[in-house]
Engineer: 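Can you keep this structure in mind? I'll have questions shortly.
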Amino acid sequence: MPVQIIEGSYNPPKDASFAIVAARFNEFIVERLVAGALDTLRRHGVDDSRITLIRVPGAFELPVACKRIAESGNVHAVIALGCVIRGGTAHFELVAGEAAKGCGQVATSTGIPVVFGVLTTENIEQAVERAGTKAGNKGAEAALSALEMASLMHALGAQGVAAIRSRGR
């Protein structure tokens with residue numbers, strides 16, 4: 001029997017809705033990430049009426065807003081966007097680590113993909129590079145991951161789980 005492969009694509013289900021949760025801290029960088037994510041979703045056929053943009057104060061607040069929107073059942077994927085730039089204290093590690101851990105916990109506890117598109121950089125130059133210049137736009141990359149995960153979750157729900165269970169018998 002051949003190996004069964006189930007994977008997502010960049011073509012979301014017709015009714016797929018997405019949320020972008022964006023931090024206002026370092027807004028001049030985050031706005032570029034938001035623009036990249038919106039452009040990518042639109043280019044892949046997601047209508048604006050199926051996109052919700054939610055603003056939070058900073059990266060530390062991303063998980064709680066992601067959790068609320070994921071638990072609503074109104075979205076197929078959440079894109080968390082922010083920018084944390086290292087400073088002279090341990091605050092960077094605390095904020096970045098808790099934001100990443102919290103977003104991961106939301107995804108596993110709700111079953112809704114939460115894509116972590118938070119830049120964690122050493123300096124402003126690295127942030128600018130990852131927000132649409134030399135290193136591409138990490139917001140656009142996060143949106144691609146969200147599209148693929150929404151598609152994958154749809155495939156798993158529609159036929160994947162049943163097919164996996166029947167093969168295991």
Side-chain angles (χ1 to χ4, degrees), residues 4-84 95-120 130-132 136-165:
Q4 181 180 12
I5 299 172
I6 302 170
E7 58 186 350
S9 72
Y10 296 146
N11 298 316
K14 293 278 185 233
D15 65 339
S17 294
F18 298 85
I20 299 170
V21 183
R24 284 193 310 271
F25 197 81
N26 288 324
E27 189 171 31
F28 62 101
I29 296 294
V30 178
E31 280 310 302
R32 293 179 183 189
L33 301 176
V34 169
L38 286 170
D39 180 62
T40 298
L41 292 173
R42 289 170 178 149
R43 286 177 187 255
H44 287 85
V46 180
D47 189 74
D48 281 355
S49 66
R50 299 214 166 263
I51 304 169
T52 302
L53 177 59
I54 300 154
R55 306 272 185 192
V56 297
F60 191 81
E61 292 77 25
L62 288 168
V64 71
C66 289
K67 186 170 195 253
R68 179 64 58 98
I69 192 74
E71 288 177 340
S72 75
N74 294 327
V75 297
H76 292 80
V78 180
I79 303 164
L81 299 177
C83 178
V84 185
V95 171
E98 290 302 313
K101 182 172 75 174
C103 287
Q105 287 174 341
V106 170
T108 56
S109 70
T110 65
I112 301 296
V114 178
V115 178
F116 191 68
V118 177
L119 299 180
T120 54
R130 288 159 179 76
N137 186 304
K138 300 305 179 187
E141 291 178 21
L144 286 173
S145 292
L147 288 163
E148 185 172 350
M149 288 302 295
S151 172
L152 175 62
M153 295 294 103
H154 179 75
L156 288 173
Q159 46 108 33
V161 173
I164 290 168
R165 286 185 181 146

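Values reported hereafter were calculated over all heavy atoms of this structure, with side chains retained and with hydrogens, waters and symmetry mates removed.
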Engineer: Mind running side chain to side chain contact (heavy atoms under 4.5 Å, CB included) on L119 and V84 for me, showing each step along the way?
Structural biologist: CA-CA 6 Å; L119 299 180; V84 185; over 6 Å; no
Engineer: Answer yes or no: is there a side-chain heavy-atom contact under 4.5 Å between V34 and L53?
Structural biologist: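 In short, these two side chains touch, coming nearer than 4.5 Å.
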Engineer: Please check this pair: side chain of S109 against backbone of Q105, looking for a donor-acceptor N/O pair closer than 3.5 Å.
Structural biologist: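 Yes, because the side chain of S109 sits within donor-acceptor range (under 3.5 Å) of the backbone of Q105.
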Engineer: Kindly compute the distance separating NZ (K138) from CZ (F116), expressed to the nearest 0.5 Å.
Structural biologist: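 With rounding to 0.5 Å, NZ (K138) is 13.5 Å from CZ (F116).
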Engineer: Under the rule for salt bridge (charged side-chain N to carboxylate O under 4.0 Å, His left out), what residues qualify as partners of R42, not counting sequence neighbours?
Structural biologist: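 R42: salt bridge (charged side-chain N to carboxylate O under 4.0 Å, His left out) contacts with D48.
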Engineer: Let me confirm one number: the OG-CD1 distance from S17 to I51, rounded to the nearest 0.5 Å.
Structural biologist: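 CD1 of I51 is found 9.0 Å from OG of S17.
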Engineer: Let me confirm one number: the CD1-CG distance from I79 to L33, rounded to the nearest 0.5 Å.
Structural biologist: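 It is 11.0 Å, given to the nearest 0.5 Å.
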Engineer: Only pairs at least two apart or in different chains count here, so list each salt bridge (Lys or Arg N to Asp or Glu O under 4.0 Å) that has a residue in residues 108-120.
Structural biologist: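 Every candidate salt bridge (Lys or Arg N to Asp or Glu O under 4.0 Å) pair involving residues 108-120 fails, so no pair, neighbours aside, qualifies.
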Engineer: Just do the side chain to side chain contact (heavy atoms under 4.5 Å, CB included) check on I20 and T52 with the steps written out, would you?
Structural biologist: CA-CA 6 Å; I20 299 170; T52 302; over 6 Å; no
Engineer: Nearest 0.5 Å please: distance from the CD1 atom of I112 over to the CE atom of M149.
Structural biologist: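 With rounding to 0.5 Å, CD1 (I112) is 10.0 Å from CE (M149).
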Engineer: Looking at R130, is its backbone amide N or carbonyl O close enough to the side chain of N137 to form a donor-acceptor pair, meaning the two atoms are under 3.5 Å apart?
Structural biologist: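 Side chain of N137 to backbone of R130: no pair is present.
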Engineer: Decide salt bridge (charged side-chain N to carboxylate O under 4.0 Å, His left out) for E31 and R55; before the verdict, give the C-alpha distance in whole Å, the side-chain angles of both, and the deciding distance to 0.1 Å.
Structural biologist: CA-CA 11 Å; E31 280 310 302; R55 306 272 185 192; 2.3 Å; yes
Engineer: Measuring from atom CZ of F18 to atom CG of L41, what distance do you get when rounded to the nearest 0.5 angstrom?
Structural biologist: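 Between atom CZ of F18 and atom CG of L41 there are 6.0 Å.
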Engineer: Keeping H44 on the side-chain end and T40 on the backbone end, is there a donor-acceptor pair under 3.5 Å?
Structural biologist: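 A pair under 3.5 Å: yes.
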Engineer: Taking all non-hydrogen atoms of both residues into account, name the closest pair between A37 and L81 and its distance.
Structural biologist: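 Heavy-atom minimum between the residues: CB-CD1, 4.1 Å.
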Engineer: Among residues two or more places apart or on two chains, list those pairs meeting salt bridge (Lys or Arg N to Asp or Glu O under 4.0 Å) that have a residue in residues 145-154.
Structural biologist: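 Of all non-adjacent pairs touching residues 145-154, none passes salt bridge (Lys or Arg N to Asp or Glu O under 4.0 Å).
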Engineer: R68: what forms a side-chain contact (heavy atoms from CB on, under 4.5 Å) with it, not counting sequence neighbours?
Structural biologist: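 Applying side-chain contact (heavy atoms from CB on, under 4.5 Å) to R68 gives none.
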Engineer: Please list, chain by chain and in numerical order, all residues satisfying ring-ring contact (aromatic ring centres under 6.0 Å, His included) with F28, sequence neighbours excluded.
Structural biologist: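 Partners of F28 under the ring-ring contact (aromatic ring centres under 6.0 Å, His included) test: none.
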Engineer: Please collect all salt bridge (Lys or Arg N to Asp or Glu O under 4.0 Å) contacts where either partner lies in residues 13-29, sequence neighbours excluded, each pair once.
Structural biologist: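 Those involving residues 13-29 do not exist here.
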